Amino acid sequence: MKKYIPKDIESAIAQQWEAEETYKAPQTPEKDKSYTLVMFPYPSGAGLHTGHARVYTGTDVLARYHRMKGKSVLHPMGWDAFGLPAENAAIKLKKNPLDIVPQNIANFKQQMQRLGLSYDWSKEFSTTDPSYYQWTQWLFIQFFKMGLLHKKETPIFYCPSCKTGLALEEVLADGTHERCGNKVEERTLPQWIFRITKYADELLADLDGLDWPSGILQMQRNWIGKKEGMVIHHKVEGMEYVLDTFTAFPAWSFADTFIVIAPEHPLVDSLIENGKGTSEVVNYVAEIRAIPADERAASKEKTGVFTGLYAVDPFRPNEKLPIWIANFALMSFGTGAIRCSAHDPRDVAFATKYSIPLREVVERETETPVNAHEGKGILVDSGPFTGKEVSSVVEDFVAWVSKEKIGEKSTTYHLRDWVFSRQRYWGEPIPMVFCQSCADEKISYWAVAKETEKIYPNSPKIAQKVSGFVAEIEESLCGWFPLSDENLPLKLPYVDSYEPTETGQSPLSQIPDFVNTTCPHCAKPAVRETDTMPNWAGSCWYFLYFSRGVDFAIETKPSLQAWNSLIKPSAMAWNPVDWYIGGAEHAVLHLLYSRFWMKMLNDSGLVDFKEPFTRLRSVGIVLASDNRKMSKSLGNVINPNDVIDEFGADTLRVYEMFMAPFGQEVAWSTAAMQGAYRFISRVWQMYYSSAKFAKSAEIRSKTLDAELQSVISSIDTDITNVKFNTCISALMKFLNLWEESDSEVLSMKGAQDFLKLLAPFAPYMTDHIWRNVFGNNTSIHIAPWPQKDDSLTVEKQVTIAIQVQGKVRGTVSMPSSKLSQDIVIAEALKLEGVNRYIDGKEYKVIYVPGRVVNFVL
RNA sequence: GCCGGGGUGGUGGAAUGGUAGACACGCAGGACUUAAAAUCCUGUGACCUCAACAGUCGUGAGGGUUCGAUCCCCUCCCCCGGCACCA
């Protein structure tokens, strides 16, 4: 063997891995487990580019490392294939996604296989497999039974281009749809809604125990957006109406002189309905409601109109607060009504414009009133709190307001309930049936359900929690029944025309065979739900399904019993995921939704943990060499297959790991990749040509073997800190040293250890050398990871920097065994460069063992 | 505006209180070659110097703590990501 020609070795080695089942996960972990998972991809028609290769390689390095460390490793791959992008692409091609998706998957798979990723392919599945999505449907039904889903006419975001409703999380800050980039609108449609807000506190609190990047934790906290404050109740004069306002700064309430309410506020509606709205009010409301929310937010100009109504100020019962409608009051925050004062700049701007009197309760030292956000100052004219420091009275104030029955503590959240219906074809059909007859008779599922259908039999506490959820929504869901287990899966019909409709209805509604059915309760004619689930559904629990037995019968119908016998045991043995790797763009989408599903499953007893991903690491995207995102339309995409054809998968992998810290964004450079190719080729030469290692096991080298021990320990540290770039540089540095050494050869064990250290990064060529040079007949990838041998590290030369006044003026080198403060200082004082600066002056010595000596004059 | 993450040679980056620029790319010079590619060798932060020795400066800017700061603290500037008329 002479020259390194990757294509000559890679396919042969890959075949050996397959034949030897090198990467097969045990059914249940035998020892320490490492469930290593990369966020599974949506298989687009464009295939993988070299940017994708980075996240898969990094995750693979972790899996391979832990496998060699002797852990039980589950490292699976699957396909998140439902959803808008696949469907939109199929529409463009005028084909059915059912036909296209398998081709895309096949393409992704061959690309991944060429990369040498150590997946246990026996676990592979797609979220679009009926054998999988029947379980997704079954879980939907369990959540329905728990009262965590309801169907409701709701104002939602709607993408007119994709012709479907969306969740708030799918709308970007600029008001566009995160998938297609078009502006969204608001519409009111009947939707299935997940009551995720019921879990807002748990979703927030449990973040504290997670080993996740701080930025992603913070994004989830902000998204949940818990804010504690008070709701204040007001009587509206001349009406039987209690108007509630929300404030985060209750202690400033004595300042308030007016109230503003959102244009969408129910009080506005009742005013207009009662004919009490002036023409000014009617016109203003009509005008403002016509402007989409995001445009309204963009204009900071404050507008409003007086309703003619007054509220009694509970803090000053003799005074009245005029009620205005204002564009800056948002129905989506708090109660949609705000008490206003001089202590909020927005209120001041509004009051100034419309000449509404203001009052201050904290004396100012500047030209403008104190902003309540600053939270400091002495209160005046504030009832029992006059003369007190505002920051110190908050708790007392809240207690007093409650005691006086003016209002009570209240918490608001940014998190909204999760709109779970899509008016599209390419998703899991929602397994629900609506019976008009039962609805007319006010029959709900829970009124007629058998006890045995309950899924939370072992926890009275949870049964109580759930019955509370159900009580709140039961009436609104009369006539809705889930499919029974034996009727799952509810298959997505293969149809010729599946384009979204203009009517806000799913294309499935056009298919009578699909729609018409009978009521699961009374057997009269009934209709199916025709909306489908969003693309997030399948990824909410896929990590539980990967650990299933591979002989898991496809015909198996979902049921509680099947869950408990076929899915739960292995899922509990492997989950939660130990290493979860993916992009930060899912911070408040997939990563929030799947946490929510696990909390519901935990409450129902279907899983026994609360958090799915113990450890999360994010990957930085790879930009094209022009510093723009790789995209087909920009023509700057690099296909990993092309790189592999020319340089081999090992080179691509090493470069991907070396190019920058794993979590950081970086631009692709084919030129820089040459460095990785040189490195891999030189390793190859070292083993096949120069062969500077001992042929007998007894021979050792002093310096090389010692140096290798520190490489072992630095890679051990760096791999688990996902610092793959410094792992590679440590290996390169060692190879340089190895090549330079003329007088010594590395021990045979050292040569094998070096190969093992490189194996997770360059799996093909290392396994080839392992088998052909060292005569092994099993893979290097199941060989034990090198152990650092401290007996080899002793006689190392240590170089100590000698400083005068903190500036380096020389160095002293000696074997570490001779190292002592006195000797080092004595040596240092012999240095001419040091003496020149000390020059007979008095000095003090700082000695840091093994590092530095500093003479302070 | 608020919340995160950053700012180090021509470039990607290393160093988490102890010799700043490891490792790599690029570039320059050299070897091999008829020549080129590939490969190998040498050099490569800036300034000063023919050069070496020595020296000065240098991690976005300014200040502070420390014997010693890329690293900790304060003020400010810039870039990236997220959120935001949030009461």
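On a predicted model such as this, the values are computed, not experimentally measured, just so you know. In what follows, chains are A, B, ... by sequence order, proteins preceding strands, each numbered from 1.
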| request: Give the ring-plane orientation class for Trp668(A) versus Tyr655(A), where under 30° counts as parallel, over 60° as perpendicular and anything between as tilted. | output: perpendicular
request  = Mind telling me whether Trp223(A) and His414(A) have parallel, tilted or perpendicular rings, with 30° and 60° as the class edges?
outcome  = perpendicular
- prompt: Considering only the P atoms, how many Å lie between G10(B) and G21(B), rounded to the nearest integer?
  reply: 16 Å
In Watson-Crick or G-U wobble terms, with both distances under 3.5 Å, the base opposite U16(B) is none
Answer for the Watson-Crick or wobble partner of G81(B), both distances under 3.5 Å, is C3(B)
Item to check | Arg653(A) NZ/CZ over Phe761(A) ring centroid, <6.0 Å and within 45° of normal | outcome: no
Check: Do the rings of His590(A) and His586(A) sit parallel, tilted or perpendicular, given the 30° and 60° boundaries?
Finding: perpendicular
- [ ] Taking atom C1' in both C47(B) and A31(B), compute the distance separating them and give it to the nearest angstrom.
- [x] 33 Å
Ranking Gly215(A) and Val852(A) by the position along RNA chain B of their nearest nucleotide, the one closer to 5' is Gly215(A)
Winner on side-chain proximity to Trp223(A), out of C25(B), C83(B), U56(B), is C83(B)
Checklist line | Separation of the C1' atoms in A14(B) and A20(B), to the nearest angstrom | finding: 9 Å
For Asp256(A), the salt bridge (Lys or Arg N to Asp or Glu O under 4.0 Å) test, sequence neighbours excluded, returns Arg339(A)
*Would you say His414(A) reaches C83(B)'s phosphate, i.e. side-chain N/O to OP1/OP2 under 4.0 Å?*
no
Between CZ of Phe679(A) and C1' of A38(B) the distance, given in whole Å, is 19 Å
From CE of Met657(A) across to C1' of C25(B) the rounded distance in Å is 18 Å
Between protein and nucleic acid, restricted to nucleotides 65-69 of chain B and to nitrogen or oxygen atoms under 3.5 Å apart, what atom pairs and distances do you find?
residue, atom, partner, partner atom, Å
C67(B), O2', Asn854(A), ND2, 3.2
C67(B), O2, Asn854(A), ND2, 2.5

Exercise. Expressed as a whole number of Å, how far does the P atom of G60(B) sit from that of G7(B)?
Worked result: 7 Å
Legend entry - Residues Arg179(A), Glu170(A): salt bridge by 4.0 Å N-O rule: no
Whole-Å distance, His265(A) NE2 to A87(B) C1', equals 13 Å
* Whole-angstrom distance between G43(B) and C25(B), as gauged at atom P -> 15 Å
To the nearest angstrom, the NZ-P distance between Lys3(A) and U39(B) comes to 8 Å
Should Asp645(A) and Lys7(A) count as an ion pair when the cut-off is N to O under 4.0 Å?
no
As its Watson-Crick or G-U partner within any shown strand, both distances under 3.5 Å, A52(B) has none
Using a heavy-atom cut-off of 4.0 Å across all strands, would you classify Glu301(A) as base, sugar-phosphate, or nothing?
base
Residue pair Gln674(A)/Arg851(A) against RNA chain B: nearer the 5' end by closest nucleotide is Arg851(A)
From CG of Asn736(A) across to P of A24(B) the rounded distance in Å is 5 Å
At under 4.0 Å between heavy atoms, what does Thr412(A) touch on the DNA or RNA strands: base, sugar-phosphate, or nothing?
-> nothing
Query raised in the report: Say you pick atom P in U66(B) and the same atom in C71(B); how far apart are they, in whole Å?
Result: 16 Å
_P atoms of A51(B) and C74(B), separation to the nearest Å_ = 46 Å
Any strand, both distances under 3.5 Å, Watson-Crick or G-U wobble: A61(B) pairs with U75(B)
Decide yes or no on ring pair (Phe, Tyr, Trp, His ring centres under 6.0 Å) for Phe249(A) and His343(A), but give the supporting numbers first.
CA-CA 10 Å; Phe249(A) 307 100; His343(A) 297 296; over 10 Å; no
Using Watson-Crick geometry (N1-N3 plus N6-O4 or O6-N4) or G-U wobble (N1-O2, O6-N3), each under 3.5 Å, U66(B) is paired with none
Taking a pair to mean Watson-Crick or G-U wobble geometry with both distances below 3.5 Å, G10(B) pairs with C25(B)
pair_partner(C40(B)), Watson-Crick or wobble, both distances < 3.5 Å, evaluates to G30(B)
When rounded to whole Å, the CD to P distance for the pair Glu665(A) and C79(B) reads 15 Å
Tyr677(A) OH to A24(B) P, in whole Å, measures 17 Å
- Task: Please state the P separation for the pair C23(B) and A38(B) - nearest whole angstrom.
- Result: 22 Å
Inset, instruction - May I ask you to check if Lys302(A) and Phe328(A) form a cation-pi contact, with NZ or CZ under 6.0 angstrom from the six-membered ring centre and within 45° of the axis? - result: yes
In whole angstroms, the gap separating P of C80(B) from CD of Gln664(A) amounts to 15 Å
